[in-house]
Amino acid sequence: MKTILIKLRDFFGNQSNTPGEFQFPIRYKLLLITSIVLLISMSGVIFLASYFFRKDSEVRVKENNIKINEILSLKVKSDLHSIKQDVHITASAVLRSTQSANSIAKELFEEDQNFVFIGSFDSSFNPKFEVVNDQFLEKYDYQKTEVKSIIKNIQPKLRKSFSGTTLIWNISPFFRNPILCISFPLSETKDTHTILVTLVKLDSLLDAFQTSGPVETFLVSEDGSVLAHPDAKVVLSGINLNDLPIVDRMKKSTVDNGQFRYENKDGESYLASFKKLGFGGVGVISQVRESKIFEEVNNIQKRNVYLLIVSLSLSFIVVYIFAKSLSTPILKLVDASEEIRRGNYHITLHATTHDEIGTLTKSFVSMGRGLEEREKLKDSFGRFVNQDIAELAAKGKLSIGGKKKYCTIFFSDIRSFTAISEKLQPEEVVEFLNQYMTEMVKCVQETGGTVDKFIGDAIMATWGALRDHKDHAIASVEAALRMRDKLIEFNQNRGSAKKPIIKIGCGINTGYVIAGQIGSSDKMEYTVIGDSVNLASRVESFNKETHTDILITESTYHEVKSEFNVVSMGEIEFKGKSKAQKVYAVLGKKSDVNAPKNLVELQKLVGIEVTSKKGKK
């Protein structure tokens, strides 16, 4: 995924130096938007046109199928009735006349040469007469015995006609020509014990099913076998089409016509319709492959797609030329904004157009100058005011007034600072203090604290007052321990009169304070006040009597006891407190195996000399 983004960035001209930042130039946005609009609109037109054309074609095919079925069913029904009527008349004449059956049937054979055989049988299949068309035998080289043998072989199937049913059956597989067998009772009401059987050539029916175009029509019998089909080979084979869904639907249908869309076993879709003749269980079926009827629809879609590609290409060229003239000054503004983001506010841009972009360029240059002045002011302001407060004030998020906050207050002080400063020149005092303060302030800021103020050589800091801090007590003790380590490192190259060893005391208390901007109408500063602040200051002073460097109150202890090892210094009475306060000396983090194990090791580590016992303050 990363590789793809890099390639896209290179193609579209990523101007950003920020890792992982992906820019999409406006010229390509215009190209993309134009392309999308054209693509959606033209694709919509193509889709809708194709959809309605497809629907219209489908409706026309269905209507055409129905018309073909109606016409063919009328013709087939008429032909079959005509055959049945001719056979009935001829058979009745034979059965009533004393003339030979051959002489009477000869007239029918001469009139219609499609008749191959006419016969009459009783319920025991004893023939009352059997006549074969001699011209058929001679033309196609058949013997009378062959035809009569075939009739004998199909007698079990013909037995159904004794129940009053007309049977129509494709008997072509027994011959080398398409032949239809029709059997029906001599009389459907009076004499169902005598049936008439005829064999008829299918030439005329086959001609009717030779339709042009993509529509395929065929005639099926009650048992699903093909009676007539455009392909004579199908008729000669006597294929059964019961596995064809449209045939199955026709056989199960309670109405005489219907339409159906189906897929064959090869996955080809067909639109098909059927029409029952109401005669011998025969039905006409018309079907057409969807791929054939929708071929022209697909061709139109292809042509429209080609037109879409050409239109998109032309649009690309026109929009690209326009977008380039529009985006070039914008890209310069992008480069300028990147320079401002890096902190370079002095930019040199010149308006090259007299439109909105030209106005924007002038405003952008003016904005850069304003930001440069603001940044200089902020930097200067931050040197004299807490940096966090300076940022909040610059953003307008520093509200006037006070809030009650639960936080941790920290005080630190340099031991014997007056004696140290008397041995140094004023500029040396300032230099040494700046070095010391720089290292100590880093410890506060790295743990999420805020330096409230500097009181001479003392530092006052808070955690959770200006900004919310979930573990403000733990963070303040962590800052004090970091100060201890930094001070040990700071003192390594010191020990002379000009660079005396520095020792400090830290006091930490957790409690409620009033935090806000306090002062006069002419000068205000953000700070915290309250009894918790006073207690933190007095605890810091008590380090002198306990010969320790970090003391915490009981309220802070309950917040940090799971993280740090401490030593109880007992209950101490402080000024302003009605009851004695428990105070604890911090040895180090529980996870630090090198931390002091007791007060003796602590005093040795930080260089505290025990000269007197602790007292009360």
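Reckoned from all heavy atoms, side chains included, excluding hydrogens, waters and symmetry mates.
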Can you tell me if Asn69 and Ser273 form a side-chain donor-acceptor pair at under 3.5 Å? yes

May I ask you to decide if Ser149's main-chain N or O and Asn153's side chain share a donor-acceptor pair within less than 3.5 Å? yes

Which residues pass the side-chain contact (heavy atoms from CB on, under 4.5 Å) test with Ser269, sequence neighbours left out? Arg261, Glu263, Glu290

Under 6.0 Å from the ring centre and within 45 degrees of the ring axis: does the NZ or CZ of Lys84 meet both conditions for the six-membered ring of Phe184? yes

Check whether any side-chain heavy atom of Leu199 lies under 4.5 Å from a side-chain heavy atom of Ile151, and answer yes or no. yes

Between Asp134 and Lys106, does any side-chain N to carboxylate O distance fall below 4.0 Å? no

Take atom CZ in Arg60; do more than 12 heavy atoms of anything else shown fall under 6.0 Å from it? no

Would the distance check show the side chain of Arg176 and the main-chain N or O of Tyr140 forming a donor-acceptor pair, the cut-off being under 3.5 Å? yes

Out of Val131, Thr198, Asn133, Thr90, which one pairs with Leu108 under the side chain to side chain contact (heavy atoms under 4.5 Å, CB included) rule? Thr90

Can you tell which of Leu241, Leu227, Asn240 makes a side chain to side chain contact (heavy atoms under 4.5 Å, CB included) with Ser221? Leu227

With sequence neighbours left out, write down each residue that passes side-chain contact (heavy atoms from CB on, under 4.5 Å) with Ile150, or none if nothing qualifies. Ile171, Phe174, Phe175

Just verifying a value: how many Å separate Lys128 NZ and Phe121 CZ, rounded to the nearest 0.5 Å? 11.5 Å

If you draw a 6.0 Å radius around CG in Asp256, do more than 12 non-hydrogen atoms from other residues or ligands fall strictly inside? yes

Quick one: does Tyr142's side chain get under 4.5 Å of Val116's, heavy atoms only? no

Closest non-hydrogen atoms of Gly283 and Met250, given as atom of the first, atom of the second and distance, are CA-SD, 3.8 Å

We want to know whether Asn170 and Ser172 form a side-chain donor-acceptor pair, criterion being a heavy-atom distance below 3.5 angstrom. yes

Partner residues of Lys75 under the side-chain contact (heavy atoms from CB on, under 4.5 Å) criterion, sequence neighbours left out: Asp79, Ala208

Are any of the side-chain heavy atoms of Ile195 and Phe125 separated by less than 4.5 Å? yes

Determine, stepwise, if the pair Ser124 / Asp122 fulfils side chain to side chain donor-acceptor pair (under 3.5 Å). CA-CA 5 Å; Ser124 299; Asp122 60 18; 4.5 Å; no

Is Gln287 close to Val215 at the side-chain level, that is, under 4.5 Å between some pair of heavy atoms? no

Where is the tightest heavy-atom contact between Val200 and Ile83, given as atom of each residue plus distance? CG2-CG2, 3.7 Å

Please report the interatomic distance NZ(Lys276) to NZ(Lys251), rounded to the nearest 0.5 Å. 10.5 Å

Report yes if the side chains of Leu158 and Val197 come closer than 4.5 Å at any heavy-atom pair, otherwise no. yes

Taking every non-hydrogen atom, the tightest pair across Ser120 and Thr194: OG-CG2, 3.2 Å

Under 3.5 Å: donor-acceptor pair, side chain of Ser82, backbone of Ser78: no

Ile66 side, atom CD1; Ser286 side, atom OG - distance, nearest 0.5 Å: 10.0 Å

At their closest point, which heavy atom of Ser237 faces which heavy atom of Ile239, and how far apart are they? OG-CG1, 3.0 Å

d(Ser253 OG, Arg249 CZ) to nearest 0.5 Å is 8.0 Å

Sequence neighbours left out, what passes salt bridge (charged side-chain N to carboxylate O under 4.0 Å, His left out) with Lys160? Give chain and number order. Glu222

With no hydrogens and no angle check, is any side-chain donor or acceptor of Thr217 less than 3.5 Å from a backbone partner on Ile285? no

Measuring from Ser161:OG to Leu186:CG, what's the distance to the nearest 0.5 Å? 12.0 Å

Pairwise ring pair (Phe, Tyr, Trp, His ring centres under 6.0 Å) hits with a residue in residues 91-112, at least two apart: none

CG/Leu196 to OG1/Thr166 distance, rounded to the nearest 0.5 angstrom? 10.0 Å

Which residues pass the side-chain contact (heavy atoms from CB on, under 4.5 Å) test with Asn264, not counting sequence neighbours? Tyr262, Asp266, Glu268, Tyr270

Pro185 and Thr165: which non-hydrogen atoms are nearest, and at how many Å? CD-O, 3.9 Å

Closest non-hydrogen atoms of Phe218 and His229, given as atom of the first, atom of the second and distance, are CB-CD2, 3.5 Å

Below 4.5 Å, heavy atoms only, C-beta onward: do Ile179 and Phe136 meet side chain to side chain? yes

